[in-house]
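Everything on this sheet refers to the single structure shown next.
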Protein chains: 2
Amino acid sequence: MSSGKKAVVRIKDIALKAKVSTGTVDRVIHNRGRVAEDVKERVLKILKELNYEPNIMARMLGSKKQYVFAALLPDHSYDAFWMAPKLGIEKAEQDLRQYGVSVEQYVFNPHDPQDYVKMATKLTKKNPDGILLSPIYYNETLPFFEKWNEAKIPFVLFNTQIAEYDPLSYIGQDSYQSGLLAAKLVHYGQPNPCSILIAHIDEEISNAQHLVKKEQGFRNYFIQQNLSHHYNIISTELNRSSQSGFIKKLDEILESTLDLKQIFVTTSQAYDIAKYLNQRHVKNIKLIGYDLIAPNLYYLENGDISFLINQNPKGQGYWGIYQLAEHIVFKKEVPILKYLPLDVVTNENLNYFRDEKGSTFVEI
Amino acid sequence: MSSGKKAVVRIKDIALKAKVSTGTVDRVIHNRGRVAEDVKERVLKILKELNYEPNIMARMLGSKKQYVFAALLPDHSYDAFWMAPKLGIEKAEQDLRQYGVSVEQYVFNPHDPQDYVKMATKLTKKNPDGILLSPIYYNETLPFFEKWNEAKIPFVLFNTQIAEYDPLSYIGQDSYQSGLLAAKLVHYGQPNPCSILIAHIDEEISNAQHLVKKEQGFRNYFIQQNLSHHYNIISTELNRSSQSGFIKKLDEILESTLDLKQIFVTTSQAYDIAKYLNQRHVKNIKLIGYDLIAPNLYYLENGDISFLINQNPKGQGYWGIYQLAEHIVFKKEVPILKYLPLDVVTNENLNYFRDEKGSTFVEI
DNA sequence: ATTCGTTGTGTGTTCGCACACATTTAATAA
DNA sequence: TTATTAAATGTGTGCGAACACACAACGAAT
């Protein structure tokens, strides 16, 4: 049952009780100095005694302070995955507009580290109040972390984690755990011995730590379940830059692996495997992939992809900006790590994860 | 790139553009009358044109209005499921406290319709500003809907839907769709012909429309996929009031259905089936159930339950109160129907749905 | 003795909205 | 015509915090 009529304490009440003016109380609260030591003590004591909490509405109202956040993220025209974070960022911007928050987006070509550096430099020059970024280039990112730390600009990472140079927080998925989850789904759908393919598409595995973790999680599931001998797990890196090379490599794998029953695609390109399997009229291989982008949804709906694991990319963008605001605008504490849930999406529950009416799901 | 310094539109701006005073604009906005028709039109047009949105901070600041909401829900000591909505309600209350919102909880014994009526009556006497309830008794609820409609108290339903007597909104899951989802999971894990059991536990199917819908969805999946001939789907109602009767009935089913491979429990008592299967040392039957309550999690973790479908009960409570506030406090429009996502939960992604640190997932 | 600077303190204004109150305009009755 | 009233519109104030500014007191330097 809720508590009664808890009289709200105002600065005025504090001032009255301490026999000073509101200005003095204000100076004490904000530690602006110019208050006699004994008076300060007295006010501080009463502040704590009456459990004063500032009225956020009033605080926000008065100050016309504008906060400019910067978001550094890949251009979605190169990879549709990045559309969703962008939408999340824009939704957060809209929700926070009345608190004086605006977000400037700095978009780079995800295949060009130099462009990444260029945009990061440009962003830094603007000296924003907070930064949200997906640091897909490790080495190129570190110097900026140093700069931002020096300039005391808090930054939040999403989608890709770099633990060094403490960010304000990281928002994204737990890649290892998501590998475990994929393995569970594979195992559940394929209890009998067979071969399983892990496919990394269009990414240099040496440069993409999160894919390595996915694979580790996937393989470890079977080890933990004492099923290593049941399954023959192979992994490959595919590259779509050459369409014929892509197909040839898959042809080779299918020819040499007759009992292949499942393919786990660690990136968002499961649809390209589905397309290939369709072309080759292969029917008995099941597919699990990532991300609810349009081409994936097409194959999910007609059953060629069994499951998609949703990384909630829109939530990542939204929550990233929101975390910045929580810290900078509302001056609240924020968790350093914010893992978003691993959503198992099938044709049957797709509608609730799909971004139709501009809604998405995030943590409260 | 984000839009520039879009100056926020104030009543003053509207007034200026419409060549009237702020008072007139105010009257138009709040529909207080006493405005000439043509002026009203003009202001309305500009309002829409400039996309005016009231500044919530300023609005809240001025009025020290207190809102009291009432929540009518079953006592969680009878059924652990109801703990989560309660937590959600309390979290929403906390989040909304600074807008003057408080929530009074009216808790009833879910096995006693009279207690339900008693608490509903008590609640109604308090004349709250809004009501959130789970109307588990259809007939007993209708008269209250009428009363509340007369008294113009908006009410929001959660978990159980009653479409008549339009509520402000309904928050919960789509039972039919969730049956479809369960069927998909069953089918995926059991591609070969077998028998499947649908078990309704501790509920009169005649009095629980949502269970019927779950079964319909489940069965229709196989019909839609042209798999009816592959699977022998049987359903049963079990009652735990007699432990021996419960076991005897299950014994009979298992004896007479040798190829039983999957059991779909439509209620939150999958753990009791898991317990039974353990006692009988049955290993090759897979289980799918609902709700992340402790005993279910136990069996999910040790693998006896394959999947749990999460109904996001905490989110239902949270969002229910939040909807009321959106409508009553913030005077925004709210969707009549709010389906929460159907979460597929396994041991591998459980942690993100579990309510550990007081967090839960809801739509933004 | 005056001027200055420093420290401590109080006052007044602003933010956008809601609502009470004041004033103007138009319509109608005497 | 003027008085009376209703309708239409304008003005003013408070909400609580933040912050600019005013001002008093006092010692030090000129």
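To find a chain, count down the sequence lines: A is the first, B the second, and so on, and within it residues start at 1. Hydrogens, waters and symmetry mates are skipped; everything else that's a heavy atom, side chains included, is used.
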Short N-O contact, B:Glu326 and B:Lys331, less than 4.0 angstrom: no

Quick one: do A:Lys45 and A:Glu41 make a salt bridge, cutoff under 4.0 Å? no

Counting heavy atoms not belonging to A:Arg32, are there more than 12 under 6.0 Å from its CZ? yes

Within 6.0 Å of CD in B:Glu49, more than 12 heavy atoms from elsewhere: yes

Note: A:Glu93-A:Arg97 ion pair, threshold 4.0 Å (strictly below): no

Write down the distance between CD (A:Glu37) and C1' (C:dT9), rounded to a whole number of angstrom. 16 Å

Would you say NZ of B:Lys147 has more than 12 non-hydrogen atoms from neighbouring residues, nucleotides or ligands within 6.0 angstrom? yes

N/O contacts under 3.5 Å, protein versus nucleotides 16-20 of chain C?
from   : atom 1 : to      : atom 2 : distance (Å)
C:dG16 : OP2    : B:Arg10 : NE     : 3.3
C:dG16 : N2     : B:Ala58 : O      : 3.2
C:dC17 : OP1    : B:Tyr52 : OH     : 2.6
C:dC17 : OP1    : B:Asn55 : N      : 3.3
C:dC17 : OP2    : B:Ile11 : N      : 2.8
C:dA18 : OP1    : B:His30 : NE2    : 3.2
C:dA18 : OP1    : B:Arg59 : NE     : 2.4
C:dA18 : OP1    : B:Arg59 : NH2    : 2.9
C:dA18 : OP2    : B:His30 : NE2    : 3.4
C:dC19 : OP2    : B:Arg32 : NH1    : 2.9
C:dC19 : OP2    : B:Arg32 : NH2    : 2.7

Using the six-membered ring of B:Tyr67, assess whether NZ or CZ of B:Lys65 lies under 6.0 Å from its centre and within 45 degrees of the ring axis. yes

Span of DNA chain D, from the first to the last nucleotide whose atoms fall under 4.0 Å of chain B heavy atoms: D:dA7 to D:dG16

side-chain hydrogen bond (donor to acceptor under 3.5 Å, both in side chains), that's the test. Do B:Gln316 and B:Tyr318 meet it? Break it down for me. CA-CA 6 Å; B:Gln316 290 188 28; B:Tyr318 182 90; over 6 Å; no

